[in-house]
Amino acid sequence: MKHILYLIISLFIITACSNNTSLDKLQNGDLIFQTSTSNQSVPIQLATHSKYSHVGMVFKKGEKLYVYEAVQPVRLTEIESFIDRG
């Protein structure tokens with residue numbers, strides 16, 4: 001069941017973020033998963049048995065999209081920057 005949930009969420013995110021014109025479909029509170037390029041990525045993937053190593057929560061401020069992510073400290077990142085890192 002857990003794997004099916006991951007698959008459904010992954011497909012939603014891949015569909016929503018496959019190109020910038022789809023970003024307008026994202027809403028406050030949506031989760032966005034990524035495989036980051038950080039040094040911690042592989043150990044996190046191994047420990048969680050997942051291809052993803054990072055997750056953030058979408059936040060819309062005005063017309064701009066951001067992602068709340070835990071990157072020492074928790075911060076608000078423009079969604080384009082978040083996507084570019086993964």
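What you are looking at is a predicted structure, and each value in this text was computed from that prediction instead of being measured.
Pairing each heavy atom of Asn39 with each of Pro43, the nearest pair is O-CD, 3.6 Å. The two residues Tyr52 and Thr48 have their closest heavy-atom pair at O-OG1, 4.1 Å.
In this structure, Val42 shares a hydrophobic cluster with Leu46, the cluster being traced through Ile, Leu, Val, Met, Phe, Trp and Tyr side chains under 4.5 angstrom apart.
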* Does the pair Ile32 and Ile79 meet the rule for a side chain to side chain contact (heavy atoms under 4.5 Å, CB included), with working shown? -> CA-CA 10 Å; Ile32 184 167; Ile79 196 161; 4.3 Å; yes
* **Working for side-chain hydrogen bond (donor to acceptor under 3.5 Å, both in side chains), residues Thr77 and Glu69** => CA-CA 7 Å; Thr77 303; Glu69 59 176 333; 2.6 Å; yes
* Check against ring pair (Phe, Tyr, Trp, His ring centres under 6.0 Å), Phe59 and Tyr68 -> CA-CA 7 Å; Phe59 176 73; Tyr68 275 114; 5.4 Å; yes
* Check step by step if side chain to side chain contact (heavy atoms under 4.5 Å, CB included) holds for Phe82 and His54. => CA-CA 10 Å; Phe82 181 89; His54 193 53; 3.4 Å; yes
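Remark: the backbone N or O of Ser53 is not paired with any side-chain donor or acceptor of Gln45 at under 3.5 angstrom. Side-chain atoms of Ser41 do not come within 3.5 Å of backbone N or O of Thr35 as any donor-acceptor pair. Judged by distance alone, the side chain of Asp30 and the main-chain N or O of Val58 form no donor-acceptor pair under 3.5 Å.
Within a 6.0 Å sphere centred on CG of Asp84, heavy atoms belonging to other residues, nucleotides or ligands number more than 12.
Cluster membership for Leu65 and Ile83, using ILVMFWY side-chain heavy atoms within less than 4.5 angstrom, is shared.
No donor-acceptor contact under 3.5 angstrom links the side chains of Gln34 and Ser36, judged on distance only.
For Lys64, the salt bridge (charged side-chain N to carboxylate O under 4.0 Å, His left out) criterion is met by Glu78, not counting sequence neighbours.
The closest side-chain heavy-atom distance from Leu26 to Lys60 is not below 4.5 Å.
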